[in-house]
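Encoded as structure tokens, the structure appears first; notes follow it.
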Amino acid sequence: MRILIATSRFKDYAGSEITVLEYAEQLRLQGNEVTIATFELFDTYSNYCKSLEIPLKEISDTTLSEAEWDIVWVFHTPTYYALFAKYCYKAKAIIFSSLSHFEPLESPPIELNQIGVFTTNSKENYDYFTINYPDYAERAVILPNSIPDVYFSTVPTKKNTSYTKVLIVSNHLQPELLKLAELLRENDSLVNIYGVGFNESLITPEILSQYDSCITIGKTVQYCLALGISVFCYDHFGGPGWITSKNVELASEFNFSGRCSNTKMTADEILQMFQASNVPNEEELVFLKKYSKTHFSLSRNLFSVIEKVIPCQNIIECNQKNTINNILNKSVDVFTRQQKFLEEYKLSWSIETSKREELEERLMEIYNCWQAEIKTTSKLVLELNEVSGEISSKEHSDFILKERENGKTLFLDIFRSVKAFIAYYIKTPNTK
């Protein structure tokens, strides 16, 4: 089959991007021709997609909109409107995935081309979806955060204790977890942090398997379960703590977000849980690995969804005379405009940062020159002291005063030059 996976963003190492990438890779392994489309292209995933031989293109690419697709798999409402109201894509079947019940972009769209299946990523999301969008309820299914088969076959390194090597994975790290990292290090544990503001790399089985335990939420929890690694479910929603056979089902219903308990803890309280006897033992980890293989196999879960897809019916013709198309077309323009503003802001910030760094560098050069002149003057004074016996006291005193005056004049000249330079630099428009 020819399958297009379309998403509004494909930039950061975050939930929807990683999900799109894993879906594309798995569907390709199952023998499909897969392409990823997004509003803007970034370098984050370009090389990775190239290595997988998965084309990555912009939604506006006419080679995509003119093609015939067996399935178009859509993430985010503006993406759907761009595909079917703005660029008139052709699809035999459509799948729409919602990865959250409270993020506006994850709400379902008004149908133009009929959507065959709506996937939700947890029971919590499914319940909200079916209650609030009753017209779509019969086509909604649960497709949980699922795990590529490689996680089930990877064997972690041998562990000594449950907190000798600890990994924290979070894009919104909480203060209590930062404090916990300090406490664990004081107890001779190795602690590394992945996420926004820290190590911003794609999480892989090879990375996770180096650690004894992991503190995280969401998809990374399933990764750890599949690897047989102790996982402590906790982040900005709080969390239940260690995932065990007793709480795994409830935690899963809330997408391992921590909302199953909403329990906040202090760093000291979490540390006690790391040192207590309730850390999952080997028997528990074996159970959780089997549980994850039964419920979170990506290959099995994707196949199950595709089997349920209903072919498109009641297609609304995409043309400029259609009122609905034109209205929704404008909503896409608002979304892309906001993205453009954000990128322009980031570019301006980068330029101003470069200007500041250049100014600081030049000022440091001037400062270093000044310091060098001070050293030279001091050295000269010492040399004069050595021959002071050959010079009369009055002559020596007059000479020293003269040299000090010269030094003062030199300092004032340098200060005026720096002041003039700064004034000129600030007033000069940026031409970069």
Side-chain angles (χ1 to χ4, degrees), residues 1-76 79-80 83 89-97 99 115-117 119 121 141 143-154 201-208 219-220 222-223 226-227 292-293 295-309 311-312:
M1 290 190 296
R2 297 191 70 195
I3 301 177
L4 178 74
I5 303 180
T7 180
S8 66
R9 50 182 287 116
F10 200 61
K11 178 182 178 182
D12 302 317
Y13 294 122
S16 63
E17 286 95 332
I18 295 172
T19 297
V20 166
L21 184 65
E22 290 180 346
Y23 283 15
E25 186 173 1
Q26 182 60 51
L27 290 169
R28 186 181 180 281
L29 289 173
Q30 293 175 349
N32 301 293
E33 179 186 335
V34 183
T35 300
I36 298 174
T38 185
F39 283 113
E40 293 181 274
L41 298 181
F42 297 94
D43 294 334
T44 312
Y45 291 101
S46 295
N47 292 334
Y48 193 81
C49 287
K50 191 177 295 182
S51 69
L52 298 174
E53 298 182 353
I54 297 175
L56 175 60
K57 299 184 179 182
E58 292 188 14
I59 289 174
S60 57
D61 191 321
T62 55
T63 62
L64 300 184
S65 58
E66 293 172 359
E68 292 281 349
W69 299 99
D70 293 300
I71 294 177
V72 172
W73 200 313
V74 185
F75 291 78
H76 309 132
T79 309
Y80 178 89
L83 294 173
Y89 275 63
K90 307 172 188 67
K92 296 178 183 178
I94 302 171
I95 301 171
F96 183 89
S97 284
L99 301 181
I115 297 170
V117 173
T119 74
N121 65 340
V141 299
L143 172 57
N145 272 335
S146 301
I147 310 163
D149 291 342
V150 65
Y151 280 90
F152 297 111
S153 59
T154 301
S201 301
L202 190 65
I203 295 295
T204 65
E206 292 74 24
I207 290 173
L208 283 173
K219 181 183 285 288
T220 312
Q222 278 104 328
Y223 290 161
L227 289 168
S292 65
K293 194 166 187 176
H295 294 84
F296 307 131
S297 168
L298 182 61
S299 57
R300 185 184 300 126
N301 290 344
L302 288 184
F303 182 78
S304 175
V305 169
I306 290 175
E307 277 192 320
K308 295 180 173 68
V309 176
C312 287

Are L21 and L52 side-chain neighbours, meaning at least one heavy-atom pair lies under 4.5 Å? yes

Determine yes or no for a side-chain-to-main-chain donor-acceptor pair under 3.5 angstrom, with D61 supplying the side chain and T63 the backbone. yes

Backbone N/O of Q222 and side chain of Y151: donor-acceptor pair under 3.5 Å: no

Which atom names give the shortest non-hydrogen contact between E53 and R28, and what distance separates them? OE1-NH2, 2.7 Å

Mind listing the closest non-hydrogen atom pair of A93 and P311 along with its distance? CB-CA, 4.4 Å

Identified side chain to side chain contact (heavy atoms under 4.5 Å, CB included) counterpart of T38 within the set T79, I5, T7: T7

Verify, without hydrogens or angle tests, whether N301 (side chain) and H295 (backbone) share a donor-acceptor contact under 3.5 angstrom. yes

Evaluate the criterion side-chain contact (heavy atoms from CB on, under 4.5 Å) for residue pair F10 and L41; output intermediate values, then yes/no. CA-CA 7 Å; F10 200 61; L41 298 181; over 6 Å; no

Can you measure from CZ (F152) to CZ (F296) and round to the nearest 0.5 angstrom? 9.0 Å

Note: H76 and S16 closest approach over all heavy atoms is CE1-OG, 3.8 Å

Under the criterion side-chain contact (heavy atoms from CB on, under 4.5 Å), I'd like the reasoning laid out for T35 against W69: C-alpha separation, chi angles, the key distance, then a yes or no. CA-CA 10 Å; T35 300; W69 299 99; 3.8 Å; yes

Charged N-O contact under 4.0 Å between R2 and E33: yes

So, S304 and K308: side-chain donor and acceptor under 3.5 Å apart, yes or no? yes

Salt bridge (Lys or Arg N to Asp or Glu O under 4.0 Å) for E17 and K11? Distances and angles first, verdict last. CA-CA 7 Å; E17 286 95 332; K11 178 182 178 182; over 6 Å; no

Which atom pair, heavy atoms only, marks the closest approach of A226 to S292? CA-OG, 3.5 Å

Is there a donor-acceptor pair closer than 3.5 Å between any side-chain N or O of D70 and the backbone N or O of I3? no

Checking side-chain contact (heavy atoms from CB on, under 4.5 Å) for the pair L4/Y89: CA distance, chi angles, key distance, verdict? CA-CA 10 Å; L4 178 74; Y89 275 63; 3.5 Å; yes

Do I207 and L202 have side chains that get closer than 4.5 Å, going by heavy atoms? no

Could you give the distance from CH2 (W73) to CG (L302), rounded to the nearest 0.5 Å? 5.0 Å

Answer yes or no: is there a donor N or O on one side and an acceptor on the other, between the side chain of R300 and the main chain of K293, under 3.5 Å? yes

Shortest non-hydrogen contact from L64 toward E58: CD1-O, 3.6 Å

Worked verdict on T204 versus V150 for side-chain contact (heavy atoms from CB on, under 4.5 Å): CA-CA 10 Å; T204 65; V150 65; over 6 Å; no

Short question: side chain of Q30, backbone of S299 - any donor-acceptor pair under 3.5 Å? yes

So how far is it from Q26 CD to I147 CD1, rounded to the nearest 0.5 Å? 12.0 Å

Heavy-atom pair of closest approach, residues K219 and T19: CE-OG1, 3.6 Å

Residue pair L27 / I306, side-chain heavy-atom distance below 4.5 Å: yes

Taken to the nearest 0.5 Å, the spacing of L56 CG from F42 CZ works out to 11.0 Å

Give, for atom OG of S97 and atom CG of N121, the distance between the pair rounded to the nearest 0.5 Å. 9.0 Å

Euclidean distance, M1 CE relative to K92 NZ, rounded to 0.5 Å: 10.0 Å

Given side chains that start at C-beta, do those of Y45 and I36 come closer than 4.5 Å, heavy atoms only? no

